[in-house]
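Have a look at the structure below, then the notes.
In what follows, residues are counted from 1 in the order of the sequence shown. Whatever order the structure lists ligands and atoms in, that order sets their numbers, starting from 1.
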Amino acid sequence: MEKGKVKREKGKEPEKEKIQQKEERNKKKVEKEKIKEKEKGKEEKIKEKNGKEKTGKGKEEKIKEKNGKEKTGKGEEEKIKAKEKGKEEKIKEKENGKEEKSKRNEDEKRQERETEKEKEQFKEKEKDNSTLIKIPLEPLEKNKQILVLGLDGAGKTSILHFLALNRVQRSVAPTQGFNAVCISTEDRQMEFLEIGGSEPFRSYWEMYLSRGLLLVFVVDSADHKRLPEAKKYLHQLIGTNPVLPLVVFANKQDLEAAYHITDIHEALALSEVGNDRKMFLFGTQVTEDGSEIPSIIQDARDLIAHLAADMSDQA
Ligand SMILES: Nc1nc2c(ncn2[C@@H]2O[C@H](COP(=O)(O)OP(=O)(O)OP(=O)(O)O)[C@@H](O)[C@H]2O)c(=O)[nH]1
Ligand SMILES: [Mg+2]
């Protein structure tokens, strides 16, 4: 019997154990579930975090996009600037073009004015010369001329103008080549031929000397330095013809530096022109206010007319 008891007791003990085992299993289950829940919570948190991160990424992307837009915005700004620059440059170019055009217009107008002035001056000269007969070179070859020679600037044209018109010519241009002038006196006409005194024209002097009726040689009395040069040319000319009459004009006597005619006589070695030659020396000046000395030019004109008449009678 005790054994049975024992058996019962033993039987009771397995139930307890079973219950305990069940309780333990339940506990474990509960713990597992708790753990699972915890894990789930963790995962969710992580997910949330990730989500946030994602949204963060989104922000970044948005920022990037913004930057991109900003960049594109900058690009547009640059384009606009470039366009503006281009416009400015075009405007500048136009302005420059306008300036150049206006400059050109001014230059053209100036030239027109100058040509008009020149035309007016020419017309005035024409009026002045209306009493003079400009003789073409062809007919002059038949008649002998009164040659008017001398270095450039000596006053040849000025003297001729005064001889012809008894007036001073204000602006005298250097003679480029020939200047033929016909002066009428009471009983005859005199044909004068001036050849330019600049170097390129001096070679013609001697060529025309053979056709010369007489030689009028003009010097600038104040141009001391060039007197020896003038002397050289004069003696070369008269050396070819021992009887050609010579009338020397010691011009520009109004200038302070002007040599007196006795000094000019010496400087030009006029005593050496030859005994067979008629030679005369006049101190002259062609100025507006000079009233006495221009009368000398008139005397010189009378003398020249006389000499020319003599020479053409001889011919
Ligand atoms: N002070 C002064 N100036 C004069 C006189 N005669 C001429 N002139 C001036 O001297 C300059 C030259 O005169 P022109 O008559 O052109 O001299 P040119 O000998 O004909 O000169 P070319 O034709 O170059 O050979 C001009 O400016 C004249 O006004 C004068 O007696 N006194
Ligand atoms: Mg001249």
Side-chain angles (χ1 to χ4, degrees), residues 117-118 121-122 124-126 128-129 132 134-135 137 140 145-183 190-209 212 214-234 236-237 246-261 263-264 267-268 280-301 304:
K117 270 187 184 178
E118 282 174 1
Q121 283 178 353
F122 183 75
E124 280 180 7
K125 275 188 182 179
E126 289 283 287
D128 281 348
N129 292 342
L132 306 180
K134 288 203 170 178
I135 304 157
L137 286 178
L140 280 177
Q145 302 145 333
I146 299 160
L147 283 178
V148 184
L149 305 177
L151 299 184
D152 51 293
K156 300 181 291 296
T157 307
S158 307
I159 287 172
L160 274 181
H161 190 87
F162 195 89
L163 282 173
L165 299 162
N166 282 320
R167 319 204 231 109
V168 175
Q169 189 176 358
R170 278 190 186 160
S171 56
V172 193
T175 305
Q176 305 295 328
F178 301 89
N179 175 31
V181 177
C182 186
I183 298 174
M190 291 189 288
E191 292 166 8
F192 289 83
L193 181 68
E194 175 202 357
I195 305 176
S198 303
E199 272 202 35
F201 310 116
R202 290 180 199 166
S203 56
Y204 294 97
W205 290 0
E206 227 172 281
M207 283 162 59
Y208 279 77
L209 204 71
L214 62 102
L215 173 63
V216 175
F217 195 83
V218 184
V219 293
D220 179 344
S221 308
D223 193 356
H224 306 168
K225 277 186 186 174
R226 295 210 294 169
L227 280 172
E229 198 181 2
K231 174 195 162 188
K232 186 192 84 180
Y233 277 106
L234 173 63
Q236 270 179 18
L237 287 167
L246 173 65
V247 180
V248 178
F249 281 62
N251 196 37
K252 303 197 184 182
Q253 285 294 314
D254 58 297
L255 298 179
E256 263 186 49
Y259 274 164
H260 190 261
I261 48 167
D263 299 322
I264 295 293
L268 295 178
F280 302 88
L281 173 61
F282 293 92
T284 59
Q285 69 181 62
V286 190
T287 48
E288 298 225 52
D289 54 353
S291 53
E292 279 180 31
I293 295 179
S295 70
I296 293 176
I297 296 180
Q298 286 169 8
D299 292 345
R301 181 176 56 188
I304 289 166

Note to self: Test your reading of the structure: does A154 have an N or O sitting under 3.5 Å from an N or O of ligand 1?
What the structure shows: yes
Notebook entry, point to check: Among protein heavy atoms, which sits nearest to atom 17 (O) of ligand 1, and what does the distance come to when rounded to 0.1 Å?
Noted result: G155 N, 3.1 Å
Check: Heavy-atom distance to atom 29 (O) of ligand 1: which of I297, D223, V172 wins?
Finding: V172
Notebook entry, point to check: Looking at ligand 1, does any of its N/O atoms fall within less than 3.5 Å of an N/O of G197?
Noted result: yes
Check: E194: heavy atom below 4.0 Å from ligand 1, yes or no?
Finding: yes
Margin query: If I only include protein atoms of type N, O or S, how many are less than 2.8 Å from the Mg ion (ligand 2)?
Written below: 3
Next item on the list: Give, for atom CD of E206 and atom CG of L147, the distance between the pair rounded to the nearest 0.5 Å.
Entry: 11.5 Å
Notebook entry, point to check: For K156, what residues pass the salt bridge (Lys or Arg N to Asp or Glu O under 4.0 Å) criterion, not counting sequence neighbours?
Noted result: none
Checklist line | Any D254 heavy atom less than 4.0 Å from ligand 1 | finding: yes
Check: Can you list the ligand 1 atoms lying under 4.0 Å from a non-hydrogen atom of Q285?
Finding: 31 (O)
Notebook entry, point to check: Which residue supplies the protein heavy atom nearest to atom 6 (N) of ligand 1, what is that atom called, and how far is it?
Noted result: N251 ND2, 3.1 Å
Checklist line | V286 N/O to ligand 1 N/O under 3.5 Å | finding: yes
Notebook entry, point to check: Considering K156, Q169, K252, which one's heavy-atom position lies nearest to atom 19 (O) of ligand 1?
Noted result: K156
Margin query: Can you report which non-hydrogen protein atom sits closest to atom 28 (C) of ligand 1, along with the distance?
Written below: S158 OG, 3.7 Å
Item checked: Sub-3.5 Å N/O-N/O distance, T157 and ligand 1 -> yes
